**Student:** 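Mind looking over this structure? Questions follow.
Keep in mind the model is a prediction, meaning the values are calculated, not measured. Here is how names work: the chains are called A, B, and so on, in the same order as the sequence lines, proteins then strands, and each is numbered from 1.
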Amino acid sequence: MPELPEVERVRQSLAARAVGRGVRAVEVRRPGVVRGDRSTTALLAGHRITAIERLGKQLAILGSPVDTTMGEEPRCLCIHLGMTGSLCVVTNDNSPRKHIHVVWHLDDGSRIEFRDPRRFGGIWVYPNKAELLKHRWRHLGADALRISPAELYAALHQTRRPIKAALLDQEIIAGLGNIYVDELLFGCGIHPLSRSDRLSLEQFRGLVPRMKRLLRRAITAGGSSLRDYVDANGQAGEFQLSHRVYGRRGLPCRTCGKALSHTRVGGRMTVFCVSCQKRY
DNA sequence: CCTTAATCCTGGAAGC
DNA sequence: TGCTTCCAGGATTAAG
């Protein structure tokens with residue numbers, strides 16, 4: 001499930017292969033995944049890809065018209081990979097893979113394939129980046145790699161929700177998902193059911209740098225590949241090998257050896273160590 | 001305010 | 001072996 005590190009990996013690998021390229025044609029095989037204007041022009045046909053940006057777990061693909069007489073409007077696509085989405089750049093006519101919903105044909109003969117078996121992801125079409133910022137991205141909190149301890153504390157000290165539920169809330173902080181929240185809370189020694197308002201600014205001064213270090217290490221390792229995740233080159237990550245709690249319920253804690261506990265928080269599987277993580 | 005559950009969806013795993 | 005059932009979960013929405 002692509003969270004911030006995986007989405008950042010996709011951003012980097014996709015940018016390396018697609019920025020500067022022109023889009024010759026766009027194929028929409030399953031229109032339902034596209035929200036808004038489904039015309040191929042709105043989906044960047046006849047445009048040059050100028051940048052690929054990220055906020056939390058979402059990507060924005062920006063494009064300018066190749067023929068400037070057509071109008072100057074720089075287009076913007078927002079792509080959310082959901083649980084199983086991927087964006088791959090391919091050059092050959094290999095095995096026709098299932099669940100490819102949208103294909104961008106580029107001017108060097110390669111193509112970008114948006115594949116999403118479970119279809120929790122999607123593509124949101126905007127006339128420009130300002131509109132994306134004004135609507136869809138307005139509801140997102142600060143990016144997890146940029147947020148400050150004071151900012152996070154300000155958002156959390158006034159809610160009684162369990163810390164795990166609050167950290168998963170993209171309106172509070174953008175980018176964390178089930179894997180990295182469990183890993184982070186274990187790394188900080190904080191029980192996932194701790195009340196958010198019981199944590200001090202001092203604790204966030206410890207948590208935020210740890211979070212950024214965790215996410216950066218995961219990015220360097222290529223992200224966590226559990227089942228579907230691959231970057232734009234089809235490359236899987238290796239950070240799953242470093243997980244200390246996610247997916248390890250019942251297994252011995254790597255710090256104290258005690259069997260890891262599990263519960264559900266906000267409907268999500270939560271794994272933690274009852275002796276290494278203190279409940280506030 | 002906060003929680004739970006249902007919804008979307010497929011494929012892998014587990015059970016019989 | 002082959003069938004059925006369950007489960008995973010990001011975000012949204014409705015209901016308690």
**Student:** Among C/dG9, B/dC2, B/dG11, which nucleotide sits nearest the side chain of A/Arg264?
**Tutor:**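 In terms of side-chain proximity for A/Arg264, the closest of C/dG9, B/dC2, B/dG11 is C/dG9.
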
**Student:** Determine, for A/Glu113 against A/Arg97, whether the closest basic-nitrogen to carboxylate-oxygen distance falls under 4.0 angstrom.
**Tutor:**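 Here A/Glu113 pairs with A/Arg97 in a salt bridge, since their nearest N and O are under 4.0 Å apart.
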
**Student:** Could you state the CG-C1' distance from A/Asn178 to C/dG10, rounded to the nearest angstrom?
**Tutor:**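 It is 10 Å, rounded to the nearest whole Å.
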
**Student:** Is the shortest side-chain N/O distance from A/His80 to OP1 or OP2 of C/dA11 below 4.0 Å?
**Tutor:**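 For A/His80, the contact criterion (side-chain N or O under 4.0 Å from OP1 or OP2 of C/dA11) is met.
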
**Student:** So does A/Arg268 get a side-chain nitrogen or oxygen closer than 4.0 Å to the phosphate oxygens (OP1/OP2) of C/dG10?
**Tutor:**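 Checking C/dG10 against A/Arg268, a side-chain N or O does come within under 4.0 Å of OP1 or OP2.
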
**Student:** Give the nucleotide from the list C/dA11, B/dC9, B/dT3 with an atom nearest to the side chain of A/Arg119.
**Tutor:**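 Side chain of A/Arg119 sits closest to B/dC9.
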
**Student:** Tell me what A/Pro2 touches on the nucleic acid: a base, only sugar-phosphate, or nothing, going by heavy atoms under 4.0 Å.
**Tutor:**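 The answer is nothing, as A/Pro2 stays clear of every strand by at least 4.0 Å.
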
**Student:** Decide, applying a 5.5 Å centre-distance limit and a 30° plane-angle limit (both strict), whether A/Phe120 stacks on C/dA11.
**Tutor:**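 Ring-base stacking flag not set for A/Phe120 and C/dA11.
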
**Student:** Of the listed nucleotides (B/dT10, B/dC2, C/dG9), which one gets closest to any side-chain atom of A/Arg160?
**Tutor:**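 Nearest listed nucleotide: B/dC2.
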
**Student:** Rounded to whole angstroms, how far apart are CZ on A/Arg195 and P on B/dC2?
**Tutor:**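 Result: 9 Å.
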
**Student:** If you pin A/Gly267 and A/Arg136 to their nearest nucleotides in DNA chain C, which one's is more 5'?
**Tutor:**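 Comparing both residues, the 5'-ward one is A/Gly267.
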
**Student:** Starting the side chain at C-beta, find the nucleotide from B/dG11, B/dT3, C/dA11 nearest to A/Arg161.
**Tutor:**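 Within the option list, the nearest is B/dT3.
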
**Student:** Less than 4.5 Å apart, side chain to side chain, heavy atoms only: is that true for A/Thr41 and A/Arg75?
**Tutor:**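 Yes; the side chains approach each other to less than 4.5 Å.
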
**Student:** Measuring centre to centre across the rings, with the benzene-like ring taken for any Trp, is A/His191 within less than 6.0 Å of A/Phe272?
**Tutor:**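 Between A/His191 and A/Phe272, the centre distance is under 6.0 Å.
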
**Student:** Rounded to whole Å, how long is the line connecting atom CG of A/Asp169 with atom P of B/dT3?
**Tutor:**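 Going from CG in A/Asp169 over to P in B/dT3 covers 11 Å.
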
**Student:** What integer distance in Å separates A/Leu4:CG from C/dA11:P?
**Tutor:**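 In whole Å, C/dA11 P and A/Leu4 CG are 12 Å from each other.
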
**Student:** Could you give the CG-to-P distance, from A/Leu168 to B/dT3, as a whole number of Å?
**Tutor:**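 Nearest whole value for this atom pair: 12 Å.
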
**Student:** Just verifying a value: how many Å separate A/Glu151 CD and A/Arg146 CZ, rounded to the nearest 0.5 Å?
**Tutor:**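 Atom-to-atom, A/Glu151:CD and A/Arg146:CZ are 11.5 Å apart.
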
**Student:** Between A/Gln170 and C/dA11, is there a contact of a side-chain N or O with OP1 or OP2 at under 4.0 Å?
**Tutor:**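 For C/dA11, OP1 or OP2 has a side-chain N or O of A/Gln170 closer than 4.0 Å.
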
**Student:** I'd like to know if A/Arg118 reaches the base of C/dA8 with its side chain such that a donor and an acceptor end up less than 3.5 angstrom apart.
**Tutor:**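 It does, because a donor-acceptor pair links the side chain of A/Arg118 to the base of C/dA8 below 3.5 Å.
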
**Student:** Expressed as a whole number of angstroms, how long is the span from A/Asp197:CG to B/dC1:C1'?
**Tutor:**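 Spelled out: CG on A/Asp197 to C1' on B/dC1 is 12 Å.
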
**Student:** Whole angstroms only, please: what is the CZ-P distance between A/Arg115 and B/dG11?
**Tutor:**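 These atoms are roughly 8 Å apart.
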
**Student:** Just one of A/Thr91, A/Ile49, A/Asp108 clears the side-chain contact (heavy atoms from CB on, under 4.5 Å) bar with A/Arg17, so which one?
**Tutor:**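 In the set A/Thr91, A/Ile49, A/Asp108, the residue that makes a side-chain contact (heavy atoms from CB on, under 4.5 Å) with A/Arg17 is A/Thr91.
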
**Student:** Ignoring backbone atoms, test whether A/Thr159 places a side-chain nitrogen or oxygen under 4.0 Å from the OP1 or OP2 oxygen of B/dC1.
**Tutor:**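 No, no such contact exists.
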
**Student:** With respect to the phosphate group of B/dT10, does any side-chain polar atom (N or O) of A/Lys98 fall under 4.0 Å of OP1 or OP2?
**Tutor:**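 Indeed not, no polar side-chain atom of A/Lys98 lies that close.
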
**Student:** Taking the basic N atoms (NZ, or NE/NH1/NH2) and the acidic carboxylate oxygens, is any pair closer than 4.0 Å for A/Asp182 and A/Lys164?
**Tutor:**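 Yes, A/Asp182 and A/Lys164 are salt-bridged.
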
**Student:** Which nucleotide, C/dA8, B/dT3, C/dG10, lies nearest any side-chain atom of A/Met269?
**Tutor:**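 Closest nucleotide among those given: C/dA8.
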
**Student:** At under 4.0 Å, does any side-chain N or O of A/His99 touch on OP1 or OP2 of B/dC9?
**Tutor:**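 So the side-chain polar atoms of A/His99 never come under 4.0 Å of the phosphate oxygens OP1 or OP2 of B/dC9.
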
